J.: 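Shown below is the structure under consideration.
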Amino acid sequence: MCTIQVPTKNSKPIWLSNPSYTHLLSKHPTLLSLLQNSNSNSHLKQIHAHILKSHDPNSLTALLEFSALSDPKRLDYAIRIFRSLNPPTIFAFNTLLRSLSASNHPHQSVHLFLEMLHCGIAPNKYTYPFVLKSFSAELALLPGKTIHGHAVKAGSASDPFVHSSLINIYSICGEIMDALKLFDRTPNRDVVCWSAMISGLVRQGRFREALGLFNEFQIAGLEPNESIMVSLLCTSAHLGALEQGKWVHMYIQRNGVHLSIKLGTALINMYCKCGVVEDALKLFGKMKRRNVLVWTALISGLAINGMGRRALDMYQEMLRAGIRPDSVTFVAVLTACSHGGLVEEARECFDAMRREHRLIPKVEHYGCMVDVLGRAGLLNEALDFIKSMPIEPDIVLWRALLNACSMHRNVEMGEFVGKFLIHQDPLYDGNYILLSNVYAQAKRWADAIVVRNIMKERGVKKCPGCSTIEFNGVVHEFFVGDKSDPQFKELRPMLDEMSRRLKSAGYVPTTSEVLLDIDEDEKQEVLCYHSEKLAIAFGLLNIDSIMPIRIVKNLRACVDCHSATKIISMVFDREIIVRDRSRFHHFKGGACSCQDFW
DNA sequence: CTAGGGTTAG
């Protein structure tokens, strides 16, 4: 006799919210009655025993499906049931492949797929999406291509699900051209096919192309689904294109789109990355469910907007709300500390991460700590910290130290770290620039020039400064010293006006970072044409005077642009918000939100 | 039984 414990009133039927389980259970009403209110493994075993006695293969498959999909921990159990099937059905194979594709070890799919072929069972249109999903997770391009070939031969490649899965794996593996080729050849593109392609472009950082494709999508008269909206928000966040991000938000509101947790996270992230923290907070307040990703997006958003203290408060609130922080949360929390100069708080968080939250710090967490210590000027301590690390420091971490050396004008350490980094990563321009800055700040011009020459000899090009500004829904781009730009003529009077007003406000250009072997006047001239200043001039000329001027640039803010922008915000009485490659600067009334600490 | 999407150090 098999005894099944009667479920109590309070036990939660957790899987009933998941459509696949309801589907499964509806096919097997007996199982439904037994499993509906039970979530314990002993029940599972009892039911298993019961089914074995009844010799009902259908029930056994149903139990396999239940074990494979209800909880990742039950996958082993599912495999044991699978092994008892002789021969396993295509459905059993698919179910296990489906479970593996969502598990932490998707690579096992390949063995199962081969076993399937070995058993003489032909994969069907359900098999391919699962296998491809597993391979995507592993970035396994070649196996993916093999599966592609299989699907073509089997006549399944034109199935819309298989087709989208193929577009997805090619773009995840960086083979955008192949993904586009498939996309172009799609006969009746459904929305998911578009969304696979758009998200593929976004994933590869090809934001302009993604926007272009979305434009085509709209022309085709289709309505975006949630995935496309998330991809668009991600694009807006990367480009700092607030207008476009707001458009998506308006679309959501106008069409009564359900604000899912993913969509909410994407919106919060977009507002933070566009420098509009208030709107991010407003949205956060409206969200009914908040998981660790939502909280982390907000904490990191506050951090990059110079609200380190507020970010830490948020983190405490998250703990009080019973949400467990993950490894990414700690990156955000430590970033908040580093941008806010909160050294002690950072140390506490770093310790709490291990002790209280049982998370092993990864290289990025050590990197954050080096950044915290380095920015605070504790360079020797930062170096000792690196020496005591139980894992190998990476290039990014060393670069944080070099950056700190440059900030705090420590030539000895800067020279050592800079040379080491150039040796490690000779093709990266940033290392040369930082080292030559370190020399220039110490007025060691000859050394600075040597570094620049080595860079030139090796054909390493300095990434040109570029600033963008959104106006009337169009993103305008300005490059450093780009006098050939037709807009430059129009900007000229405003640039002169800026110069005049800056001078009368007592502004003195900071030329220590200009390395060219030229005289002081020329250096000042070079600084005037930094892309950021061109964009500000454009903003002052075109953007409505009650609106803040929002600029996104590709490099870190240079010292001169930073001090000049502070004064411009005062003498022109304009709020100027600049996003540099790692954080925000909110300039207002002559001061910056970063408190000159970036 | 199937495809797509959210947070991450400088």
Side-chain angles (χ1 to χ4, degrees), chain A residues 19-20 23-24 27 61 65 68-69 90-99 101 124-133 136 156 159-169 171-172 190-200 202-203 224-234 237 260-270 272-273 291-301 303 326-335 337-339 362-372 374-375 394-404 430 434 556 580-583 598:
Chain A
S20 51
H23 162 82
L24 155 70
K27 280 196 305 192
T61 313
E65 190 180 2
L69 305 178
I90 173 102
F91 179 82
F93 269 108
N94 286 348
T95 303
L96 220 48
L97 286 168
R98 176 181 174 193
S99 178
S101 75
N124 62 12
K125 62 175 184 172
Y126 296 104
T127 316
Y128 298 108
F130 299 140
V131 177
L132 289 168
K133 188 177 179 179
S136 307
S156 295
D159 175 80
F161 288 82
V162 178
H163 197 78
S164 289
S165 302
L166 285 167
I167 291 175
N168 192 42
I169 190 172
S171 60
I172 284 181
D190 62 3
V191 178
V192 177
C193 178
W194 283 90
S195 80
M197 197 59 245
I198 292 173
S199 75
V202 171
R203 196 192 287 264
N225 58 10
E226 202 184 298
S227 160
I228 292 184
M229 288 186 256
V230 169
S231 291
L232 286 176
L233 289 169
C234 184
S260 72
I261 201 155
K262 284 185 181 180
L263 201 51
T265 311
L267 276 165
I268 288 173
N269 183 45
M270 180 278 292
C272 288
K273 295 273 161 66
N291 62 10
V292 65
L293 278 87
V294 184
W295 284 94
T296 304
L298 188 64
I299 292 170
S300 123
D326 65 10
S327 162
V328 181
T329 312
F330 279 101
V331 171
V333 168
L334 294 171
T335 312
C337 295
S338 88
H339 288 303
K362 296 192 231 174
V363 69
E364 54 265 41
H365 302 104
Y366 286 94
C368 287
M369 279 308 288
V370 169
D371 194 43
V372 169
R375 277 172 197 275
D394 66 358
I395 286 181
V396 182
L397 181 148
W398 283 112
R399 204 172 294 140
L401 185 63
L402 177 56
N403 194 44
L434 271 173
R556 303 292 308 271
D580 74 13
R581 65 179 301 165
S582 71
R583 60 166 302 155
W598 78 94

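Lettering follows sequence order; numbering is per chain, from 1. This one's a predicted model, so the numbers in the text were calculated from it and none came from an experiment.
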J.: Closest approach to the side chain of A/Ser300, judged atom by atom: which nucleotide of B/dT7, B/dG10, B/dT2 is it?
T.: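 Ranking B/dT7, B/dG10, B/dT2 by closest atom to the A/Ser300 side chain puts B/dT7 first.
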J.: Side chain of A/Val230, heavy atoms from C-beta onward: which of B/dG6, B/dA9, B/dG10 has the nearest atom to it?
T.: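 Of all the options, the side chain of A/Val230 is nearest to B/dG6.
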J.: Starting the side chain at C-beta, find the nucleotide from B/dA9, B/dC1, B/dA3 nearest to A/Ser165.
T.: B/dA3
J.: Taking OP1 and OP2 of B/dA9, is either one under 4.0 Å from a side-chain nitrogen or oxygen of A/Arg399?
T.: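 For B/dA9, OP1/OP2 do not have a side-chain N/O of A/Arg399 under 4.0 Å.
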J.: We want to know whether A/Thr329 and A/Thr296 form a side-chain donor-acceptor pair, criterion being a heavy-atom distance below 3.5 angstrom.
T.: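 The answer is yes; a qualifying pair exists.
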J.: Tell me whether A/Tyr126 and B/dT2 count as stacked here, given that the ring centres must be under 5.5 Å apart and the planes must differ by less than 30 degrees.
T.: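 It does not: the two rings, one from A/Tyr126 and one from B/dT2, miss the stacking criterion.
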J.: With the side chain of A/His339 defined as its heavy atoms from C-beta on, choose the nearest nucleotide among B/dC1, B/dG10, B/dT7.
T.: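 Of the options given, the side chain of A/His339 lies nearest B/dG10.
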J.: Look at A/Asn168 and B/dA3 and indicate whether a side-chain polar atom (N or O) is within less than 4.0 Å of OP1 or OP2.
T.: no
J.: Given 3.5 Å as the limit, does a donor-acceptor pair link the side chain of A/Asn291 with the main chain of A/Val294, or not?
T.: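 Side chain of A/Asn291 to backbone of A/Val294, a donor-acceptor pair under 3.5 Å: yes, one is there.
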J.: State which of B/dT2, B/dG10, B/dA9 makes the closest approach to the side chain of A/Phe130.
T.: B/dT2
J.: Mind checking what makes side chain to side chain contact (heavy atoms under 4.5 Å, CB included) contact with A/Asn124, not counting sequence neighbours?
T.: A/Ile90, A/Asn94, A/Tyr126, A/Thr127
J.: Roughly how far apart are A/Ile228 CD1 and A/Ile198 CD1, rounded to 0.5 Å?
T.: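 It comes to 4.0 Å.
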J.: As a test of reading the structure: which of B/dA9, B/dA3, B/dT7 is closest to the side chain of A/Asn269, going by heavy atoms?
T.: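 Nucleotide nearest to A/Asn269's side chain: B/dT7.
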J.: Would you say the base of B/dA9 and the side-chain of A/Asn403 have a donor-acceptor pair closer than 3.5 Å?
T.: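 Check fails, no donor-acceptor contact within cut-off.
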J.: Strictly below 4.0 Å: does A/His365 bring a side-chain N or O up to OP1 or OP2 of B/dT8?
T.: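 No.
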J.: From B/dA9, B/dT7, B/dA3, pick the nucleotide closest to the side chain of A/Val328?
T.: B/dT7
J.: State which of B/dT2, B/dA9, B/dG10 makes the closest approach to the side chain of A/Lys125.
T.: B/dT2
J.: Of all the nucleotides listed (B/dG6, B/dT7, B/dC1), which has the minimum atom distance to the side chain of A/Val294?
T.: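 From the listed options, B/dG6 comes nearest.
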J.: I want to verify a distance call: between B/dT2, B/dT7, B/dG10, whose nearest atom is closest to the A/Val396 side chain?
T.: B/dG10
J.: Would you say a side-chain N or O of A/Lys273 is under 4.0 Å from OP1 or OP2 of B/dT8?
T.: yes
J.: Looking at A/Thr95, I'd like to know whether one of its side-chain N or O atoms comes within less than 4.0 Å of OP1 or OP2 on B/dC1.
T.: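 No, A/Thr95 has no side-chain N/O under 4.0 Å of OP1/OP2 on B/dC1.
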J.: List in chain and number order the residues that pass side chain to side chain contact (heavy atoms under 4.5 Å, CB included) with A/Cys368, two or more places apart in sequence or in another chain; answer none if no residue qualifies.
T.: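 A/Val331, A/Leu334, A/Thr335.
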